Amino acid sequence: MAVVTAPILRNRIGGAWQEPDGAPLLDVPDPATGALISRVPLSDSAAVDAAVQAAAAAQPAWAATPVAERVRVCYRLRELMEAQAAELRDLIVRENGKTRADAQGEVRRALEVVELSCGMPTLMMGRVLADVSRGIDCEEIRYPVGVCGIITPFNFPLMVPMWTLPIAIAAGNAVVLKPSERTPNSAVRIVELFEAAGLAPGILNLVHGAREVVTAICEHPGIRAVSFVGSQPVATYVYRTASASGKRVQALAGAKNHLVVMPDADLAVAVPAIMSSAFGGAGQRCLAGSVVVAVGEAADRVIPALAEACSGLRVGPGADPETGMGPVIRDDSRSRVAGYIEAGLLEGATLVCDGRQSATAAFGSGGFFLGPTIFDHVAPSMSIAQEEIFGPVLSVIRTASLDEALAVVNRSRFGNAASIFTTSGGAARRWREGVQAGMLGVNIGVAAPVAMFPFAGWKDSFYGDLHATGLDGVQFFTRRKVVTSRF
Ligand code: NAD
């Protein structure tokens, strides 16, 4: 019998790797093959406490380091990431399963935030007003918050931690990072890269684990701010638990994103954009298009075009350059998504493409494959129209007008992203003003804001005040003193 050896991952606390010390270990398989990549420890609250203590000990000296010196870590990190971009891409492909093109995009998006953070000397400048009263001046100065907890999901194992880490660190904070236990290997690489870029021990600590670690981060009195990205139920839990412990919280949550197609849409633009939005990352993106709302005669043109594109979409291992869509993250995710396909059929929707069949035919291997699925004649009340499926399933709802389409979109409890495909400026403007979501696309399938702007979900897609990235990110990871002086 072959002996399976896979590295056991370790926590990084105060600049030292910690052996798991009896913590239960969870297997981390390659989603394309099921083969073991590593084992991750499910740490306990004592590990979080040790990490917070290390962070709290290191943070004052880091905060006292001039910001122009702190950002040199970001400059060096940027160079290291550029030099290792192909390795980072391949690591993402291996542990997450997405295609090489998707993973390459993820690396670029992570780099954008590092580049933004290089501007921290300007970004965290305060403000002064002389003579607010005769002989009295007022100044507002930004300081780091202290020790911050960062909790991240599986679907962007490099990019999502990098939405916040460079900003938090350049602003002078110390961090306890808890990555997804389903994709923990990229986080190890992130820590190695920051340290290779010259970051002092204790500023970036890594604690692997699951719920117990998350709860400990939310409740630990030494942590002042918690940034979370993940599913809606866990986001609610984190928001409530951490804010009840007196912390500032940003909790980026789940989504159900709508793509409205107007009768005047240019299908040469719309169809590839919808395909990439719905099936990129195997539909496991918080910005994934999940529902097409086809207005008037658009449905009869767009559905056959999407069905044809689906039949040409090659499902396979992300590492194969010919692959158009990789596997989902785990076998239970595949079963959960297949359950939604069953539910759609039971609720009366029309199956146009059945991803269960295409994937089983292509791969009998140990990978977690599911082909692209499209449903037509979906009613807004159906579960496939309302719930976040987080897999390669696209539902089409037919409406008679843009106003009816807006009503369908706005009835969703989520408000992460929404797009319209049209050649009419008037329709685009009516859309922008009427839709209740925070990230909007006009003839764009994935309306992901670049790093200079906030990742701005609404409704049940976000809990908190300040979003991730952009100036919101800088404000989240800094706090102010307002000084009124007379001399
Ligand atoms: P998840 O909620 O299962 O996990 C996210 C984090 O929470 C992980 O670190 C995990 O260990 C932890 N966690 C999981 N269950 C927990 C529990 N019961 N108690 C405490 N902590 C728990 O999310 P996921 O499946 O890794 O990621 C996919 C989800 O993330 C989707 O819902 C997606 O929409 C969302 N997401 C949102 C955004 C956004 O910007 N709004 C971005 C990426 C992903």
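For this chain, numbers begin at 1 and follow the sequence in order. Both ligands and their constituent atoms are indexed starting at 1 by order of listing. Treat the numbers as computed from the prediction; the structure is a model and nothing was measured.
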* Run the side-chain contact (heavy atoms from CB on, under 4.5 Å) check on Leu77 and Met162 step by step: do they pass? -> CA-CA 11 Å; Leu77 178 65; Met162 294 302 260; 3.8 Å; yes

* Taking N or O atoms only and a 3.5 Å limit, does Ser231 qualify as a polar contact for ligand 1? -> yes

* Check the side chains of Gln232 and Tyr463 for a donor-acceptor pair under 3.5 angstrom, ignoring hydrogens and angles. => yes

* To do: For atom 3 (O) of ligand 1, find the nearest protein heavy atom and state the residue, atom name and distance (0.1 Å precision).
  => Arg182 NH2, 3.7 Å

* Candidate list Glu195, Glu192, Gln18, test side chain to side chain donor-acceptor pair (under 3.5 Å), partner Arg12, passing option -> Glu195

* To do: Kindly confirm or rule out a cation-pi arrangement of Lys98 over Phe156, judged by NZ or CZ under 6.0 Å from the six-membered ring centre and within 45° of its axis?
  => yes

* **Subset of ligand 1 atoms that lie under 4.0 Å from at least one heavy atom of Asn155** => 43 (C), 44 (C)

* Considering Ile329, Leu177, Val238, Val229, which one's heavy-atom position lies nearest to atom 43 (C) of ligand 1? -> Val229

* Structure fact -> Nearest heavy atom to atom 26 (O) of ligand 1, choosing from Phe156, Phe414, Phe154, Phe228, belongs to Phe154

* To do: Could you tell me the separation between the CG atom of Asn96 and the CG atom of Asn185, rounded to the nearest 0.5 Å?
  => 11.5 Å

* Asked: For atom 41 (N) of ligand 1, which candidate among Pro179, Cys286, Ala253 provides the closest heavy atom?
  -> Ala253

* To do: Just let me know how Leu252 lines up against ligand 1, side chain, backbone, both or neither, with a heavy-atom cut-off below 4.0 Å.
  => both

* Asked: Could you go step by step and tell me if Arg248 and Arg224 meet the side-chain contact (heavy atoms from CB on, under 4.5 Å) rule?
  -> CA-CA 7 Å; Arg248 63 171 67 177; Arg224 295 236 175 84; over 6 Å; no

* Structure fact -> Counting from 1 in the order shown, the ligand 1 atoms closer than 4.0 Å to a non-hydrogen atom of Glu181 are 10 (C), 11 (O)

* Taking N or O atoms only and a 3.5 Å limit, does Glu388 qualify as a polar contact for ligand 1? -> yes

* Asked: Measuring from the heavy atoms of Gln284, does anything fall under 4.0 Å of ligand 1?
  -> no

* Asked: Is it the side chain (CB and beyond), the backbone, both or neither of Ala468 that lies under 4.0 Å from ligand 1, heavy atoms counted?
  -> neither

* Nearest non-hydrogen atom to atom 20 (C) of ligand 1 belongs to which of Arg211, His208, Glu212? -> Arg211

* Asked: Does ligand 1 have an atom under 4.0 Å from some heavy atom of Phe462?
  -> no

* Run the contact test for Trp163 against ligand 1 with a 4.0 Å cut-off on heavy atoms, strictly below, and give the result. => yes

* Test of proximity, Thr152 against ligand 1: N or O pairs below 3.5 Å -> yes

* Is the shortest distance from a heavy atom of Gly457 to ligand 1 less than 4.0 Å? -> no

* Structure fact -> Honestly, for Val213 the part within reach of ligand 1 (heavy atoms, under 4.0 Å) is neither

* **Closest to atom 30 (O) of ligand 1 among Pro233, Ala288, Gly230, Gly254 (heavy-atom distance)** => Gly230

* Check ion pair Asp354-Arg356 (N to O, under 4.0 angstrom) -> yes

* Asked: Going from CG on Leu259 to CD1 on Ile274, what distance comes out if it is rounded to the nearest 0.5 angstrom?
  -> 5.5 Å

* To do: On the 0 to 90° scale, with breaks at 30° and 60°, tag the Phe455-Trp163 ring pair as parallel, tilted or perpendicular.
  => tilted

* To do: Under 4.0 Å, heavy atoms only, figure out whether ligand 1 is touched by the backbone of Thr215, its side chain, both or neither.
  => neither

